[in-house]
Amino acid sequence: MIRLVDDLMDVSRITRGKIRIHRKPVNLCEILDTAIETIQPLIDEKQHTLLVEKVAEPVWVNGDLIRLSQIFSNIINNAAKYTPPGGNIEVCISTCDGKVTIAVKDNGEGIPAGKLKSVFDMFTQVDGALERSQGGLGIGLTLVKKLTELHDGTVNVQSDGVDKGTTFIVTLPVLSKVPKLASKPEKAHDVVDATAEKLNVLIADDNQDAAITMGWILEAKGCQVQVVEDGPSALKAVASFTPDLVLLDIGMPGMNGYELCTALRQNRALADAVFVAQTGWGQPSHIQRSKEAGFDHHLVKPLDLSDLEPIVAEAWRAKRKQ
């Protein structure tokens, strides 16, 4: 339920113009590497062959690395889910007239011709099974379309029918000037010294896509991050990893976030750690329950980085006082 609420809230923020993207020159290869890293466990599980076309020269676009990676991770994830074990997924890249086209092609289930025009619509299902059978609501491709449009791009789909495979085609503007790699840092506070002490962050969330993405963001800010998917794994992790900041999803199966927070608070090594509840629910009763469980902060998903930044700063201050 929490995972579905996360997706719905993400779409809601985009459609209401509440989501912010942080655009800067990004290498397309870095985008694809980040997306593939997220989906690699599913590809390995289903023993797919994934082929990614190599480009002779770097292709640069003006975009948000995390959001662009989300576009391609969703598309490749769909390809992996709806392609039989041992199938093939191919990522092809071409540039023309100031644009780059990325085509993700699979030899999986395919899409009936009558469904092609509506596949990006909210809650669209193919014969009632295409996404529902995999536990989705049919909103992943809606997110893909909205995020692509926010980057001044387009996305289309092609399929010759059921069992004929599917190709998703994303087109984005290419930067006219190749960015120069800075020889020195632009701002001293933006640079993380590789030898400097890092803020240890533990993220426990059964939605691993969201958790890993948040981990990337925090690592870019100089944090050492460990991501786990459930309560028992979090309790095991703190035996060898002492976090300064703990982000716990409330709606985890088995041991929920409230129970996990209470258990972790009994660990004396975490006495100065800052605990943050992550949930799709933000009513006063939920906030009160978080406080009673031992949380310092209660954030409603999807997390806004601007809400998390002061909490990270708080954790840094607490760490430096130790």
Chemist: Apply salt bridge (charged side-chain N to carboxylate O under 4.0 Å, His left out) to Arg23 and Asp152, showing your working.
Modeler: CA-CA 12 Å; Arg23 300 178 73 163; Asp152 306 314; 3.2 Å; yes

Chemist: Let me confirm one number: the NZ-CG distance from Lys145 to Leu150, rounded to the nearest 0.5 Å.
Modeler: 10.5 Å

Chemist: For Asp296, give me all partners under side-chain hydrogen bond (donor to acceptor under 3.5 Å, both in side chains), at least two apart in sequence or on another chain.
Modeler: Arg265

Chemist: Same hydrophobic cluster for Leu308 and Ile287, using side-chain heavy-atom links shorter than 4.5 Å among ILVMFWY?
Modeler: no

Chemist: Do Ile217 and Ile66 come close enough that some side-chain heavy atom pair is under 4.5 Å?
Modeler: yes

Chemist: Could you tell me which non-hydrogen atom of Ile31 sits nearest to which non-hydrogen atom of Phe72, and how far apart they are?
Modeler: CG2-CD1, 3.8 Å

Chemist: Quick one: closest heavy-atom pair of Gly165 and Ser159, and the distance?
Modeler: O-OG, 2.8 Å

Chemist: Given Val312, which of Val201, Val276, Val274, Leu245 fulfils the side chain to side chain contact (heavy atoms under 4.5 Å, CB included) condition?
Modeler: Leu245

Chemist: For the hydrophobic clusters of this structure (ILVMFWY residues joined by side-chain heavy atoms under 4.5 Å, transitively), does one cluster hold both Ile169 and Leu141?
Modeler: no

Chemist: Quick one: CD1 on Ile93 to SG on Cys29, what's the gap to the nearest 0.5 Å?
Modeler: 5.5 Å

Chemist: When you measure from the side chain of His151 to the backbone of Thr148, do you find a donor-acceptor pair of N or O atoms at a distance under 3.5 Å?
Modeler: no

Chemist: Between Asp244 and Lys319, is a salt bridge (charged side-chain N to carboxylate O under 4.0 Å, His left out) present by the stated rule, with each step listed?
Modeler: CA-CA 7 Å; Asp244 307 295; Lys319 182 180 181 70; 3.1 Å; yes

Chemist: Looking only at heavy atoms, which two atoms of Leu247 and Gln278 are closest? And how far apart?
Modeler: CB-NE2, 3.2 Å

Chemist: Quick check: does any side chain N or O of Thr242 sit under 3.5 Å from a backbone N or O of Val238, one acting as donor and the other as acceptor?
Modeler: no

Chemist: For Pro84 and Asn107, work out which heavy atoms get closest and say how close.
Modeler: CD-O, 4.4 Å

Chemist: Okay, side chain of Asn74, backbone of Gln70: is any donor-acceptor separation there less than 3.5 Å?
Modeler: yes

Chemist: Closer than 3.5 angstrom, by distance alone: can the side chain of Lys46 be matched with the main-chain N or O of Lys81 as a donor-acceptor pair?
Modeler: yes

Chemist: List the atom pairs, donor and acceptor, that lie under 3.5 Å between side-chain atoms in residues 222-232 and the rest of the protein, sequence neighbours left out.
Modeler:
{"from": "Asp230", "atom 1": "OD1", "to": "Ser233", "atom 2": "N", "distance (Å)": "2.9"}
{"from": "Asp230", "atom 1": "OD1", "to": "Ser233", "atom 2": "OG", "distance (Å)": "2.6"}

Chemist: Among Val104, Ile111, Ile75, exactly one meets side chain to side chain contact (heavy atoms under 4.5 Å, CB included) together with Val157. Which residue is that?
Modeler: Ile111

Chemist: Please name the pair of heavy atoms, one in Phe241 and one in Asn200, separated by the smallest distance, quoted to 0.1 Å.
Modeler: CZ-CB, 3.6 Å

Chemist: Look at the aromatic rings of Phe168 and Phe120 and report parallel, tilted or perpendicular, splitting at 30° and 60°.
Modeler: perpendicular

Chemist: Restricting to side-chain hydrogen bond (donor to acceptor under 3.5 Å, both in side chains), what partner residues turn up for Gln40, sequence neighbours left out?
Modeler: Asp44

Chemist: What heavy-atom pair brings Ala204 and Leu260 nearest, and what distance separates the two atoms?
Modeler: CB-CD2, 4.1 Å

